[in-house]
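Read through the structure below, which is laid out as structure tokens, and then see the notes.
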2 protein chains.
Amino acid sequence: MREFKRRSRVLLIDDNADHLRGVKELITLESSYEVVATTTSANIGINLAKKYRPDIILMDINMPEKDGLQAIQDIEKLDMGIKIIALSGYDDADLIFRAMKIGAKGYVLKTMASAQLIYAMDEVASGKIYLPTALTSRFFEYFQRSFKEETTANNQENLLTYLTAREEEVLDLLTQGNNYKGIAGKLFISETTVKTHVNNIFQKLQVNDRTQAVLYALNNGFANRRHVKMAV
Amino acid sequence: MREFKRRSRVLLIDDNADHLRGVKELITLESSYEVVATTTSANIGINLAKKYRPDIILMDINMPEKDGLQAIQDIEKLDMGIKIIALSGYDDADLIFRAMKIGAKGYVLKTMASAQLIYAMDEVASGKIYLPTALTSRFFEYFQRSFKEETTANNQENLLTYLTAREEEVLDLLTQGNNYKGIAGKLFISETTVKTHVNNIFQKLQVNDRTQAVLYALNNGFANRRHVKMAV
DNA sequence: GATATTATCAATCCAAAGATGTAGGACAAA
DNA sequence: TTTGTCCTACATCTTTGGATTGATAATATC
């Protein structure tokens, strides 16, 4: 009961009307993709995405106005499974990183050969994520630098290592916003015991109160936050 | 005044003695790299790295015991510019992600062809970061999934938007671990005023105390943390 | 000009948090 | 056996934090 394989449908969003026309022509002539709509406005693009439900969106993102990134995020939030490829004139590492972070399935430079764009579309259409090799390198350098600065900045010893297992449990509950009563209830121990632990934690982490303890924990790799956290 | 290009020097670390011997032979026979030392122990490996200062380290990382990752991290901390390529039997996305996060310049599967390993060494030796295409895909899927879960989980409105400018200032100081007195001093206002602001913040963020307010702020994009933060 | 918002400050009261000292039992290492 | 660490628990006391109510002045907003 397979459907006939139909041509993948593409929506183009690019505030440069000339470039928009060029890309449309390119796709129409040199590929098997069907351009179902084009627009120079990010906002209209979002509506067109809802209306036409394309397989792929080619989204222009420019450096100065970062509407493109916002538009990607908005469309991703629709959760319609539309695959977005970012098209940009800039190979800026931060821009690449942000685009990938918010869910772009590809990132292609405008200066790249048309064959590369179509190849990217093929890869993305088949469910893969496509980044040209050069941009992948950029991405990883940026990615690793972000983490490196973090670990070298925190050059001092990690006071968290001095905590006992129980103290770590208590601290973990502190980093979830619990008060003494809450922690006592969750660990099935008395409130006074929790106080003892918390005071020991303060001593070991060299802080004065729970907020500072929580901040210390989060800033020094306490395995609490489940996932990535990074400013967009 | 260029130096003569010398053969890149390689250190092998692999707890499987057989595999270690195999890789050494492979490199010696099929490449121009010089194997300066080999060891089956991660700890000894770290000392050998200090002693021989190789250009590249091939580091075996196994899934169950994650000593390999720790060793990579330790060597990275030496900051000697040694390029580490992770060798693993597993194409586990999480493992790949962690290895790259802590600074591995490459990740190659043991099952891959020997040519691929040597190609990876060439790329890494020349300053690039090398991930086989298949693993790059794995990486990005994992990478994007991490962020996606985050954004879809935080689907609710961001209560931070209701804060006034002054309240944001106060919250910012809270997220730095200040108490009432500290905030009052820094903003040149009375402690009671700070209390008023803080209470308003609690109402708006729907939390009960400062720790929860701080956690809410950090978890909802309060532009405080400078960099990536993710469990290792 | 009236209204709403914001920032400032105060008094009061109660609850929670934090500091300090003490102590028993479990367990492991020396 | 002794020593040390850890987890547990309590008492006491001081300080800080949080809730509530009310008030004034400045600034927008309408």
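In what follows, chains are A, B, ... by sequence order, proteins preceding strands, each numbered from 1.
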Rounded to the nearest Å, what distance is computed from the [atom1] atom of residue [X] to the [atom2] atom of nucleotide [N]?
X: A:Phe202; N: C:dA19; atom1: CZ; atom2: P; answer: 6 Å
X: B:Glu167; N: C:dT6; atom1: CD; atom2: P; answer: 7 Å
X: B:Ile201; N: D:dG18; atom1: CD1; atom2: P; answer: 11 Å
X: A:Lys195; N: D:dC13; atom1: NZ; atom2: C1'; answer: 10 Å
X: A:Glu169; N: D:dC6; atom1: CD; atom2: P; answer: 14 Å
X: B:Leu174; N: D:dT16; atom1: CG; atom2: P; answer: 16 Å
X: B:Asp209; N: D:dG18; atom1: CG; atom2: P; answer: 6 Å
X: A:Asn200; N: D:dC7; atom1: CG; atom2: P; answer: 9 Å

Measure from the side-chain N and O atoms of A:Ser88 to the backbone N and O of A:Ile61, and report whether any donor-acceptor pair falls under 3.5 Å.
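Yes, A:Ser88 side chain to A:Ile61 backbone: donor-acceptor pair under 3.5 Å.
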Nucleotide nearest B:Arg166 (side chain, heavy atoms from C-beta), chosen from D:dG18, C:dA7, C:dC9:
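Of the candidates, C:dA7 comes closest.
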Taking the side chain of A:His197 as heavy atoms from C-beta outward, which of C:dA7, C:dA19, D:dT8 is closest to it?
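For A:His197, the side-chain atoms sit closest to D:dT8.
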Looking at [N], I'd like to know if its phosphate oxygens (OP1 or OP2) sit under 4.0 Å from a side-chain N or O belonging to [X].
X: A:Thr164; N: D:dC7; result: yes
X: B:Asn199; N: D:dG18; result: no
X: A:Thr193; N: D:dA9; result: yes
X: B:Ser190; N: C:dT8; result: no

With a cut-off of under 6.0 Å to the ring centre and 45° to the axis, is A:Arg210 in cation-pi contact with A:Tyr180?
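Here A:Arg210 passes the 6.0 Å and 45° test against A:Tyr180.
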Any Lys/Arg nitrogen of B:Glu167 or B:Lys204 sitting under 4.0 Å from an Asp/Glu carboxylate oxygen of the other?
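So B:Glu167 pairs with B:Lys204 through a salt bridge.
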Could you tell me whether B:Lys83 and B:Asp55 make a salt bridge, using a distance below 4.0 angstrom between a side-chain N and a carboxylate O?
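Salt bridge: no.
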In terms of the nearest nucleotide of DNA chain C, which residue is placed more toward the 5' end: A:Tyr180 or A:Thr196?
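Going by which nucleotide is closer to the 5' end, it is A:Tyr180.
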Mapping B:Tyr162 and B:Glu191 to their closest nucleotides on DNA chain C, which lands nearer the 5' end?
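Between the two, 5'-proximity favours B:Tyr162.
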Any side-chain donor near an acceptor of the partner, B:Thr193 and B:Ser190, under 3.5 Å:
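Short answer, yes.
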